[in-house]
There are 2 protein chains.
Amino acid sequence: MEKKISTKQRILDTASNLFYYQGFNNTGINQIIAEADIAIGSLYKHYRSKNDLLYSYLQTEEEKFFTSLNEYLGKASDPKEKLLKLVDFRIRLQEEAQCSGCHFIKINAELGRKDECVNELVLNHKAKQKAYLHEILDELSTSGSQHLETSLLANILFLMIEGAVVSATITGNTNDLKSVKAYIQQLF
Amino acid sequence: MEKKISTKQRILDTASNLFYYQGFNNTGINQIIAEADIAIGSLYKHYRSKNDLLYSYLQTEEEKFFTSLNEYLGKASDPKEKLLKLVDFRIRLQEEAQCSGCHFIKINAELGRKDECVNELVLNHKAKQKAYLHEILDELSTSGSQHLETSLLANILFLMIEGAVVSATITGNTNDLKSVKAYIQQLF
DNA sequence: GTCTATAAGGAGATAGAC
DNA sequence: GTCTATCTCCTTATAGAC
């Protein structure tokens, strides 16, 4: 017994794709309702405004990100392997998305920090990514040699990956993400 | 004899600020002419379209960036000092701009790679930044010990800085750019 | 809950007077 | 070269029928 995807979900899926691939400001309500094949009245019954749709989009992406990441790393136990797989995860995401970048960086670039709700979601997402890296590096420093202060190194690795994802958005390839992998290989 | 800034220049300055601080898609022609205090007819005598204004904006920023950078590094001769000053330069730029990020990364995030002219300007700017870092590292590897393949290290430093500038846009501070400086201090 | 019709305003761009 | 007036289209959002 297959359950039909709800209208509300279909609206969110359509809007999410458009926001991500062509930008929030470049996406009109009319295009969303046309591609979701619904009437405008239906949209505003489910979502108060275009901004409400944006918040739902970002919240969903936040949940999807860490669920998928944990799933992807699931088997790995060695911290170095975890680091490499974490970068692999980002490579896979970008290759699946035609190198369209990070949802949160893009929204921040479009809207700045003015919308408090959006900014909080972006800040929170990035803080969680950084904390995730810090956890992995904690395992590394207790099991092996201590190269650098763990906190600084976690920060630096985070920034490298951020830069490499942005570079993927600009160049359309994942070469720089692969450079990050090569650097991690040499570092530990 | 002070020369008055031309109307054309004033249009470009106004548009550039608006594009940078509130985004390209968030900036309307009406706002540009209002803030530049000119009539719409005048704008279209000087620029064919809003896109034409965008190209001029990016070209000007490209020139300003490397002119200012060379000026800032002018005195430095030691390659390690050059690296640190290069990051200092980015810190200063972000602090002067209330951490509003990189002109080119932001435009790429808003418009993607669809507009060939914009994408070429962004790609070219980033390639020049990377090449600049490579040059400095070449001096380092001939004068001192060779830690890593120069090309990979230049890449990695570039990505770190890119990530730290994006982080400044998100957090509103330059802490991560300062982490990059700390990392460079330890690296060489 | 989904629909159509429409409001109210802003977008980018052009014509033509001065 | 600068101006005003205007065109056409699209924007987000609401009202009210079914």
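Residue numbers begin at 1 in each chain, while the letters A, B, ... track the order of the sequences.
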Between P of dT12(D) and CD1 of Ile29(A), the distance in whole Å: 5 Å

Using the test salt bridge (Lys or Arg N to Asp or Glu O under 4.0 Å), find all partners of Lys178(B) that sit at least two apart in sequence or belong to another chain. Glu95(B)

Leu43(A) CG to dG1(C) P, straight-line distance once rounded to whole Å: 14 Å

Rounded to whole Å, NZ of Lys50(A) lies from P of dT12(D) at a distance of 4 Å

Return the set of residues passing salt bridge (Lys or Arg N to Asp or Glu O under 4.0 Å) with Glu110(A) (not counting sequence neighbours), or none when no residue passes. none

Pairs in or reaching into residues 156-169 of chain A: which pass side chain to side chain donor-acceptor pair (under 3.5 Å), with residues at least two apart or in two chains? Lys126(A)-Glu162(A), Ser167(A)-Asp176(A)

Taking side-chain contact (heavy atoms from CB on, under 4.5 Å) as the definition, give me every residue that meets it alongside Asn173(B), ordered by chain and number, with sequence neighbours left out. Thr171(B), Asn175(B)

Which nucleotide wins on minimum distance to the side chain of Tyr44(A), given the candidates dT2(D), dA11(C), dA13(D)? dA13(D)

In whole Å, what is the span from the CG atom of Leu53(B) to the C1' atom of dA11(C)? 15 Å

Rounded (10°) bend between the five-pair end axes of the helix from dG1(C)-dC18(D) to dC18(C)-dG1(D): 0°

Nucleotide N/O of nucleotides 3-6 of chain D paired with protein N/O under 3.5 Å:
residue: dC3(D); atom: OP2; partner: Ala39(B); partner atom: N; Å: 2.8
residue: dC3(D); atom: OP2; partner: Ser42(B); partner atom: OG; Å: 3.2

Between the side chains of Gln22(A) and Thr27(A), is a donor N or O closer than 3.5 angstrom to an acceptor N or O? yes

Between Asn30(A) and dT12(D), does any side-chain N or O lie under 4.0 Å from OP1 or OP2? no

Show every ring-ring contact (aromatic ring centres under 6.0 Å, His included) that has at least one partner inside residues 76-106 of chain B, sequence neighbours left out. Tyr20(B)-His103(B), Tyr57(B)-His103(B), Phe65(B)-Phe89(B), Tyr72(B)-Phe89(B), Phe104(B)-His125(B)

Counting only non-hydrogen atoms, which of residues 6-21 of chain B are less than 4.0 Å from DNA chain D? Thr7(B)

Have Glu63(A) and Gln59(A) got a donor and an acceptor in their side chains that come within less than 3.5 Å? no

With a cut-off of 3.5 Å and sequence neighbours excluded, list every side-chain donor-acceptor pair involving residues 36-44 of chain B.
none

For Arg92(A), what residues pass the salt bridge (Lys or Arg N to Asp or Glu O under 4.0 Å) criterion, not counting sequence neighbours? Glu96(A)

With sequence neighbours excluded, tell me which residues meet side-chain contact (heavy atoms from CB on, under 4.5 Å) with Ser56(B). Leu12(B), Tyr47(B)

Rounded distance (Å) that lies between atom P of dG12(C) and atom CG of Asn26(A): 11 Å

Tyr47(A) OH to dT12(D) P: how many Å, rounded? 16 Å

Who pairs with Gln9(A) by side chain to side chain donor-acceptor pair (under 3.5 Å), at least two apart in sequence or on another chain? Asp13(A)

